[in-house]
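Following: one structure in structure tokens, then a few remarks.
Position 1 is the first residue of the sequence; numbering continues from there.
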Amino acid sequence: MSPLCRTVTKDGWSLRIVIYQARKGQWMLEIANDVDVSTCWIEPFKTDEAALSEALKTIEENSIEYFHEPQPWREH
């Protein structure tokens with residue numbers, strides 16, 4: 001697990017940003033809401049910093065509530 005993993009809270013909503021090392025030093029990204037429904041990125045990142053940057057950018061662009069709405073399969 002990356003030391004950059006964290007919980008983000010805004011407007012009463014919380015998300016866990018989970019970044020973990022996969023094969024060959026690459027990093028995987030997952031964003032989990034408070035009922036453990038996750039959005040996972042398929043493509044790995046070269047660094048855990050890049051994964052965190054993508055998570056924060058995606059939350060900012062879509063809103064924190066986006067990750068709490070029931071959604072069909074979506075790929076990032």
Side chain proximity check, [X] to [Y], heavy atoms < 4.5 angstrom:
X: Lys10; Y: Leu15; value: no
X: Trp41; Y: Ile31; value: yes
X: Tyr66; Y: Glu61; value: no
X: Gln21; Y: Asp48; value: no

Identify, with sequence neighbours excluded, every residue that meets side chain to side chain contact (heavy atoms under 4.5 Å, CB included) alongside [X].
X: Glu60; result: none
X: Leu56; result: Val8, Ile17, Leu52
X: Lys24; result: none

Ser53 and Glu49: side-chain donor and acceptor closer than 3.5 Å?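 Side-chain D/A pair, Ser53 to Glu49: absent.
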
Expected output: side-chain Ser2 to main-chain Leu4 donor-acceptor under 3.5 Å: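 Yes; judged by distance alone, with no hydrogens or angles, the pair exists.
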
Within this structure, what is the OH-CG distance for the pair Tyr20 and Leu29, rounded to the nearest 0.5 Å?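 That separation rounds to 8.5 Å.
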
Group every Ile, Leu, Val, Met, Phe, Trp and Tyr by side-chain heavy-atom contacts under 4.5 Å, then state whether Phe67 and Ile64 land in the same group.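 Yes, one cluster joins them.
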
Met28 and Met1: same hydrophobic cluster, using ILVMFWY side-chain contacts below 4.5 Å?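 Linked within one cluster.
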
Identify the two heavy atoms, one from [X] and one from [Y], that lie closest to each other, and give their separation to 0.1 Å.
X: Arg16; Y: Thr7; result: CG-OG1, 3.7 Å
X: Thr47; Y: Ala50; result: OG1-N, 2.9 Å
X: Trp27; Y: Ile19; result: CE3-CG2, 3.7 Å

